[in-house]
Amino acid sequence: MKRRRGVALLIETSNAYARGLLEGIVAYIREHDEWSVHLPEQERGARPPDWLRNWRGDGIIARIESEAIANAVATTRLPFVDVSAARRLPGYPWVETDDAAIAKLAANHLLERGFQHLAYCGESPFNWSRWREEHFVEIANRAVGACATFEAKSRFAPGYSWNRERSRLRRWIERLPKPIGVMACYDIRAQQLLDVCRESNIAVPEEVAVIGVDDDQLLCDLCSPSLSSVIPDALGTGYEAARLLDRLMSAEEVEPDAHLVAPLGVATRRSTDILAIDDPDIAKALRYIREHACDGINVNDLTRVLPLSRRVLESRFQQLLGRTPHETIVEQRIDRVRQLLRETELPLAVIAERSGFRHVEYMSTLFRRRVGVPPSHFRRQAKDRRS
């Protein structure tokens, strides 16, 4: 009987990207020979498990993000593949996301929405953040002539205080020209940026549009508004790491270079779901619609909160957006219907009420006209995609 190879996975399970890596490794194992996998419970950058010193396995896939893990992995003298950008052990194969491609996707996403001001919000201790910043700034400089940047202080720096960091971040975002599109180095930084905007009463996405990286769906949906994010191919990265380790364990040569995996695209959510508008009245109208469309508002309600007549309001909407205020309100309500159909089992009558429609029949007719299928059919399709 063929002996199973023993493989240690020093990868945390605490974030979506790392779990995607593990899913990719599992996909490779299912398609090839079974491995005996050792997966310790640990945090990102945690000390290596004690058992690794005397472990008699065949290979390791690790996020080598500290000197302790680097030394522990090197001491085993086993074949290994690094899936971290920290580069603690240069000269060995490592698999990572393509940060240049990630930055390009984020920049193009914001530029396509018409933003003439761009900024990058990073975390300087990490290579991947610096690399994303370098490429994003280069694209921004070519496209719009400048790019503002914010570098967070390391959480491990002496005297670090999140309250002070939050104040720095708030002052930075308040000083930026508006409207502006901001790339955050990853979703957690983007969430912090959205929190600061809310505290400073800065409208997102009308004044500041924010895009993150990792597409951590739970985190992105918990953000207010929901967060747009670049989707890295974490599964593909994990699969490639497993493939390379398999070759190493078979005594094949593997290039000790970066093996970069391209991202999958952008998940567009509300934090960037807008065209950049240098008109404060229309920006205010769009924000009011986003916040109150499902409360049953109409165009007359807009004229009560804006210093514009209905005729001027509709003229500016057509000129800037190519649609009327009424159509914009309806689109917002239809988006809410889509969300409730995908994520809940609420009856259609309740969905209509929560989306700002007085009659379920009107909602269903309008939904079919806009989406192409009845609400019940859309719900079944969403269930089929999840299963």
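Throughout, numbering of the chain's residues begins at 1 and tracks the sequence.
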- Residues R130 and E133 bridged, charged N to O under 4.0 Å: no
- Side chains of D335 and R270: closer than 4.5 Å at any heavy-atom pair? yes
- How about E253: does its CD atom have over 12 heavy atoms from other parts shown lying under 6.0 Å from it? no
- May I ask whether V37 and V95 are part of the same hydrophobic cluster, defined by side-chain heavy atoms of I, L, V, M, F, W, Y residues being less than 4.5 angstrom apart, directly or through others? yes
- Task: With rounding to the nearest 0.5 Å, note down the distance linking SG in C223 to CG in L218.
- Result: 9.5 Å
- Item | Over 12 foreign heavy atoms within 6.0 Å of NZ, K104 | no
- Message: Between the side chains of R168 and E165, is the shortest nitrogen-to-carboxylate-oxygen separation below 4.0 Å, so that they form an ion pair?
- Response: yes
- Distance (rounded to the nearest 0.5 Å) between I69 CD1 and R63 CZ: 10.0 Å
- Message: Closer than 3.5 angstrom, by distance alone: can the side chain of R247 be matched with the main-chain N or O of R243 as a donor-acceptor pair?
- Response: no
- Query: Within a radius of less than 6.0 Å around CZ of R368, do more than 12 heavy atoms belonging to other residues, nucleotides or ligands occur?
  - Reply: no
- Query: Are side-chain N/O atoms of Q339 and R342 paired as donor and acceptor at under 3.5 Å?
  - Reply: no
- So Y28 and Y239, would you call those rings parallel, tilted or perpendicular, with 30° and 60° as cut-offs? perpendicular
- Value rounded to 0.5 Å, distance of CZ in R310 from OG in S315: 13.5 Å
- Message: Check the orientation of H38 and W55. Use parallel for under 30°, tilted for 30 to 60°, and perpendicular for over 60°.
- Response: perpendicular
- Query: Would you say R132's side chain and C185's backbone share a donor-acceptor pair under 3.5 angstrom?
  - Reply: yes
- Item | Under 3.5 Å: donor-acceptor pair, side chain of D58, backbone of V7 | no
- Message: Any non-hydrogen side-chain atom of D216 less than 4.5 Å from a side-chain atom of Y17?
- Response: no
- Dump the intermediate steps for side chain to side chain donor-acceptor pair (under 3.5 Å) on Q319 and R316, then the final yes or no. CA-CA 5 Å; Q319 182 181 1; R316 287 201 200 170; over 6 Å; no
- Query: Do R323 and T328 have a side chain donor and acceptor closer than 3.5 Å?
  - Reply: yes
- Any V73 side-chain heavy atom under 4.5 Å of P48 side chain: no
- Any side-chain heavy atom of I11 within less than 4.5 Å of one from I25? yes
- Task: For salt bridge (charged side-chain N to carboxylate O under 4.0 Å, His left out), just list the numbers for D246 and R5, CA-CA rounded to whole Å, side-chain angles, deciding distance to a tenth of an Å, and then say yes or no.
- Result: CA-CA 9 Å; D246 206 1; R5 286 168 167 163; 2.7 Å; yes
- Report, as yes or no, whether the 6.0 Å neighbourhood of atom CD on Q192 holds more than 12 heavy atoms from other residues, nucleotides or ligands. yes
- Would you say the side chain of D273 lies within less than 4.5 Å of the side chain of R290, judging by non-hydrogen atoms? no
- Is Y186 close to W128 at the side-chain level, that is, under 4.5 Å between some pair of heavy atoms? yes
- Message: In the structure I gave you, are the side-chain heavy atoms of V261 and P232 within less than 4.5 Å of one another anywhere?
- Response: no
- Query: Quick one: does E207's side chain have a donor or acceptor within less than 3.5 Å of a partner on K178's backbone?
  - Reply: no
- Verify the cluster assignment for F115 and I173: are they in a single hydrophobic cluster under the rule of side-chain heavy atoms below 4.5 Å apart? no
- Message: How long is the straight-line distance from NE2 of H117 back to CG of L110, given to the nearest 0.5 Å?
- Response: 13.5 Å
- Query: Hey, does D281 have a side-chain heavy atom less than 4.5 Å from the side chain of P307?
  - Reply: yes
- Message: Whether the S129 and E123 side chains hold a donor-acceptor pair (N or O, under 3.5 Å, no angle test) is what I'd like checked.
- Response: no
- R142, CZ atom: more than 12 neighbouring heavy atoms under 6.0 Å: yes
- Item | Heavy-atom neighbours of H359 NE2 exceed 12 at 6.0 Å | no
- Item | Neighbour count above 12 (heavy atom, 6.0 Å) for R19 CZ | yes
- Query: Are the side chain of R379 and the backbone of T344 linked by a donor-acceptor contact shorter than 3.5 Å?
  - Reply: yes
